Amino acid sequence: MASKTSRDVLSRGLGVLRQAIREQPRIFAVAVVGSVLFGGMIIVSARVVGSVIGEVALPAIERGEVGAGTLALAAAALFGISVLRVAGIFGRRLGAGYMQYRLQASYRRRVTRRYLELPLSWHHRNSTGTLLSNANSDVEAAWYPIAPLPFAVGTLVMLVGAIVSLFATDWALALVGLAVFPALFALNVVYSRRMAPRQARAQRLRAEVSGIAHESFDGALVVKTMGREAQETARFAGRAGELRDSLIAVGRLRGIFDPLLETLPSLGTLAVLVVGAFRLRQGAISVTELVSVAFLFTVLAFPVRAIGWVLAELPRSVAGWDRVRRVLDATGEMPYGQRVLDPVGAGPATLTFTDVHYSYPPAEAHPPGAQVLGQVGFTVPSGRTVALVGPTGAGKSTIASLAVRLVDPDSGTVSLDGVDVRELTSASLAGTVALVAQVPFIFDDTVRANIALDRPGVDDEVVWAALRLAEADGFVAALPDGLDTMVGERGTSLSGGQRQRLTLARALAGRPRLLVLDDATSAVDPRVEAAILAGLRSSTRQAGVPAASILVVAYRRATIALADEVIYVEQGRVVARGTHSELLATVPGYVDLVTAYEQAEVERAQESSYGDDVAPLPSGLEIEVDR
């Protein structure tokens, strides 16, 4: 933006305004009519004031008396003009405000909807602070000039009427107007050109400050436990200081130009009085005409500022619009098909991977275009449990993401009951498959709301059935308000294991036919985990929660042993498959990996056994273990 010329900023800014008018033409028309009415009444009031002074006040002074009828007529004329001006102000402000807020609300919805349509890979390339800024301050900035826009359009009409009125009065006074008005426009253009880079930088810094704040708050546990409070405060303060300096630069420039914009109409009034006095002595104009023109220049000062307000906000508007359009024009969304699967009645679903290849997008891959999965093929038969096992970085979570269509393969197919997932509708896919991630997300709401999610048919009976299956009914029943207990932001009042079990219950309450568990019970006690998986494998579940096929990313030996089949993955490829005992007997890499996992579990259990000898943590800190 710093390199943009004023002409480019003006052109693009006017394009944003045209877009606003195209989207809200009726409301804009109402606002402009109100503004034109206000401007017209200013011109009329100048004529009326001139007539009152020249034809009522001065003759009355000369005669030493005031005619009651004439005075009443003058008062009625001024009152009527005032009423019409108020009506114009009301229509202008109501229409402009309604138009601005409707556009902001509309584009916030569009940006948010676009966020939900874009793939995870796009979100990974954009910080949360930037996304929050796009949906909030950038949308506000894009439509900020809408508030003064109808006023500015009405002012342009008023200026044309004023020029015509000046020429109808006297050519010399009209020349004064022709000198002052272009000077106002030129000053506004210079103002816009100087303001453009400052507004753009301020808008960028707003997003950066928001991003740093979000990181600091979201990572509060890391910041506190690592003793980084001072460093994070300094990092935030440094960027906030840059934003402060940037806004001060904007205010300083505005402080320089605002007096100039106020002074020019005043100088015009002075010039009118000087030239008008000379023309009055020549007999070219009357006192009435001189007072009308002088009054007109006096009251024009404020409306003309509206043009400056629009031009001054155009750089900020363009900066905000560019950032909003970057989201709306982003590509990569995954279109859904039209096919529908029975979400419950058909029984557990069959998941099939056929020669699947997947690479991260160039912007995310290291090196660019590096392949994550290659020739992956396996099946999760209906009603069966399949465990995915492999070292870190083998592609297990990517397989889980492909199974629920968070991403699409580069080649090959992922199908449910023989139907490519890309051919399914969004509702059918969501009703058939559920993913429970390793890192649980809990809304700042009640337990019931977190599990039901306002889904039709998910009543308290289904909620309790899902909680029982997730081994969460016991601790939920013990909560102060049961299902109505508020769990806090991200479930901060719960332990890690409790949060995982609530997210599992949330998935089960939707009655999925395929359940994908991406290390979803890592924070749960092994005995509780075994009970959960045993319940999930059962062919007859609790009422309201039918059986499902299960694909589980597993690490613990006890979890793996419960699977009907184990898929062993290395470097993005399926290396071996079979039962747990078969792989232990035939695959050395599998043996080493499972043994390492088991040893880590033993060491963690031993550390936990010393808990009675460990001093309590300071109040306010929380350990992520299952309660």
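Worth knowing before you read on, the calculation uses all heavy atoms, side chains too, and leaves out hydrogens, waters and symmetry mates. All values derive from a computational prediction rather than experimental measurement.
Other residues, nucleotides and ligands contribute more than 12 heavy atoms inside 6.0 Å of the CZ atom of Phe441. The 12-atom threshold is exceeded at OH of Tyr115, counting heavy atoms of other residues, nucleotides or ligands nearer than 6.0 Å. Annotation: Phe28, atom CZ; neighbour count of heavy atoms from other residues, nucleotides and ligands within 6.0 Å is above 12. Surrounding CZ of Phe278 are at most 12 heavy atoms belonging to other residues, nucleotides or ligands under 6.0 Å away. The environment of CD in Gln282 is crowded: more than 12 heavy-atom neighbours from other residues, nucleotides or ligands sit within 6.0 Å. In this structure, Arg26 places its CZ atom where only 12 or fewer heavy-atom neighbours from other residues, nucleotides or ligands lie under 6.0 Å away.
The backbone N or O of Asp484 sits nowhere less than 3.5 Å from a side-chain atom of Thr446 that would complete a donor-acceptor pair. Under the 3.5 Å distance criterion, the side-chain polar atoms of Asn450 are matched with a main-chain donor or acceptor of Phe443. Side-chain atoms of Ser45 come within 3.5 Å of backbone atoms of Ile42 as a donor-acceptor pair (strictly under, hydrogens ignored). Side chain of Arg506 to main chain of Leu453: no donor-acceptor pair is present (N/O by atom type, distance under 3.5 Å, no hydrogens or angles).
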- Task: Let me see the working for Val310 and Phe151 under side chain to side chain contact (heavy atoms under 4.5 Å, CB included), right down to the final yes or no.
- Result: CA-CA 9 Å; Val310 172; Phe151 196 8; over 6 Å; no
- Step-by-step side chain to side chain contact (heavy atoms under 4.5 Å, CB included) determination, Arg110 to Ser106: CA-CA 6 Å; Arg110 295 186 196 185; Ser106 173; 3.3 Å; yes
- Message: Does Arg108 form a salt bridge (charged side-chain N to carboxylate O under 4.0 Å, His left out) with Glu140? I'd like the steps, not just the answer.
- Response: CA-CA 9 Å; Arg108 283 194 180 100; Glu140 288 185 358; 2.9 Å; yes
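A side-chain contact (heavy atoms from CB on, under 4.5 Å) with Met41 is found for one member of Val83, Ile81, Val86, Ile89 and no other, namely Ile81.
The cationic group of Arg92 lies under 6.0 Å from the six-membered ring centre of Phe38 and within 45° of the ring axis, placing it in a cation-pi geometry.
Comment: Asp408 engages Arg405 in a salt bridge, judged by a side-chain N to carboxylate O separation of less than 4.0 angstrom.
Leu494 has its side chain within reach of Leu502: a pair of non-hydrogen atoms, C-beta onward, lies under 4.5 Å apart. Counting only heavy atoms from C-beta outward, the side chains of Val487 and Asp444 never approach each other to under 4.5 Å.
Ile27 CD1 to Ile146 CD1: the interatomic distance, rounded to the nearest 0.5 Å, is 11.0 Å.
Side chains of Tyr107 and Glu23: a donor-acceptor N/O pair is present below 3.5 angstrom, by distance only.
Residues meeting the side-chain contact (heavy atoms from CB on, under 4.5 Å) test with Val275, sequence neighbours left out: Ala172, Leu173, Val176, Arg279.
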